Amino acid sequence: MQQAEPTFRDSTRQTHAAPDQFSIPSRSVSDDKHAAGEPFVPAPSSSGRYVAVKTNLAAWAGTIMNVAADVQVGRHWSVELPVLWCPWFVSDKHAVKTFTIQPEARFWLAHPGKGHFFGVHAHVGWFNVRWNRDRYQDTDRPLLGAGISYGYLLPFGEHWAGEFTLGAGYANMKYDTYYNIDNGARIDTRTKNYWGITRIGISVVYRFNLKK
């Protein structure tokens, strides 16, 4: 009886196992759109912080030099710091020497640098005022006070704008009164509480980093 010959596996054949994992590059949504033929549009970048410098023409009309900076500190908030300075008398009868700062926190209805805003300000000022026959000069301490304001910024172009603001509030001052002559004698010392207009602005503004 014929027996079947045993079969032997060829030991020279080698098998290669498939790798357990394949490295698949990640794809973003924009890659898929680009592969489908749609144009690639990059994500918009965030705009910079609003910063502006300005000068108040109303103060210049009173012979007071001034400059202010307005800086965004939040989505709707900015802080303005005006500095007003006049170191000389321009007239014998009607003149003001002063150094005053009037910081203000502003809330903008749209965003800083556009449209309407409301503000809360404080003022600190040293003064020496000639008015007709008298001269008034602060003594012991500067003028101090605070107020509220409303304003509107009107753009003239991409960077230039006009700003109009009006504020009212309170000021307390202690001052000496002198005769308005050279080496005039002191008349008296008074303390006054004032309620009324505390801020008038007709300003030319240059804006940086506008928020779109």
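Computed from a predicted model, the values in this text were never measured in an experiment. FYI, side chains are in, hydrogens and waters are out, and symmetry mates aren't considered; it's all heavy atoms of this structure. When a residue number appears, it is its place in the shown sequence, counting from 1.
Interatomic distance, His121 NE2 to Thr165 OG1, rounded to the nearest 0.5 Å: 8.0 Å. Atoms CZ and OH, on Arg135 and Tyr179 in that order, are 13.5 Å from each other to the nearest 0.5 Å. Note that the CZ atom of Arg130 and the OH atom of Tyr178 stand 13.0 Å from one another [nearest 0.5 Å].
Checking Asn172 against Arg141 by side-chain atom types alone, a donor-acceptor pair falls below 3.5 Å.
When all heavy atoms are compared, the tightest approach of Gly167 to Ser149 is CA-CB, 3.7 Å. Nearest approach of Asn132 to Asn180, heavy atoms of both residues: O-ND2, 2.9 Å. Here the closest non-hydrogen pair linking Pro155 and Arg207 is CB-NH2, 3.5 Å. For the residue pair Gln102 and Thr198, the shortest heavy atom distance occurs at NE2-O, 2.9 Å. Closest heavy-atom contact between Pro112 and Ser78: CB-CB, 4.3 Å.
By the side-chain contact (heavy atoms from CB on, under 4.5 Å) test, Tyr152 is found to be paired with His116, Tyr150, Leu154, residues two or more places apart in sequence or in another chain being considered. Judged as a side-chain contact (heavy atoms from CB on, under 4.5 Å), and not counting sequence neighbours, the contacts of Thr100 are Leu84, Thr98. Asp134 pairs by the side-chain contact (heavy atoms from CB on, under 4.5 Å) definition with Tyr136, Thr177, Ile187, not counting sequence neighbours. For Lys192, the side-chain contact (heavy atoms from CB on, under 4.5 Å) criterion is met by Met173, Tyr175, not counting sequence neighbours.
Using cut-offs of 30° and 60° on the angle between ring planes, the pair Trp126 and Phe99 is tilted. Below 30°, between 30° and 60°, or above 60°: for Tyr170 and Trp195 the angle between ring planes is between 30° and 60°, a tilted geometry.
Hydrophobic clustering (ILVMFWY, side-chain heavy atoms < 4.5 Å, transitive): Val67 and Trp60 are in distinct clusters.
Ion pairing between a basic and an acidic side chain is recognised when a charged N comes within 4.0 Å of a carboxylate O; Glu163 and Arg106 show such pairing. Using a cut-off of 4.0 Å between Lys/Arg side-chain N and Asp/Glu carboxylate O, Asp188 and Arg186 are scored as not salt-bridged. Looking at Asp70 and Lys54, a side-chain N of the basic residue comes within less than 4.0 Å of a carboxylate O on the acidic one, giving a salt bridge.
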Name every donor-acceptor pair, under 3.5 Å, that has one atom in a side chain of residues 86-93 and the other anywhere in the protein, sequence neighbours excluded.
{"residue": "Ser91", "atom": "OG", "partner": "Lys93", "partner atom": "N", "Å": "3.2"}
{"residue": "Ser91", "atom": "OG", "partner": "His94", "partner atom": "N", "Å": "3.4"}

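In this structure a side-chain-to-backbone donor-acceptor pair under 3.5 Å is missing from His159 to Tyr206. Under a 3.5 Å cut-off, the side chain of Asn66 and the backbone N or O of Asn56 do form a donor-acceptor pair.
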**Report entry** Audit row: His111, Arg75, side chain to side chain contact (heavy atoms under 4.5 Å, CB included) steps and yes/no
**Finding:** CA-CA 6 Å; His111 56 70; Arg75 183 177 179 183; over 6 Å; no

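Counting heavy atoms from C-beta outward, Thr189 and Lys174 have side chains that approach closer than 4.5 Å. At least one side-chain heavy atom of Phe117 sits less than 4.5 Å from a side-chain heavy atom of Glu104. The shortest distance between side-chain heavy atoms of Leu143 and Asp138 does not fall below 4.5 Å.
The hydrophobic cluster containing Val120 also includes Ile148, under a criterion of side-chain heavy atoms closer than 4.5 Å among ILVMFWY residues, counted directly or through chains of members.
Atom NZ of Lys97 has more than 12 neighbouring heavy atoms from other residues, nucleotides or ligands inside a 6.0 Å radius.
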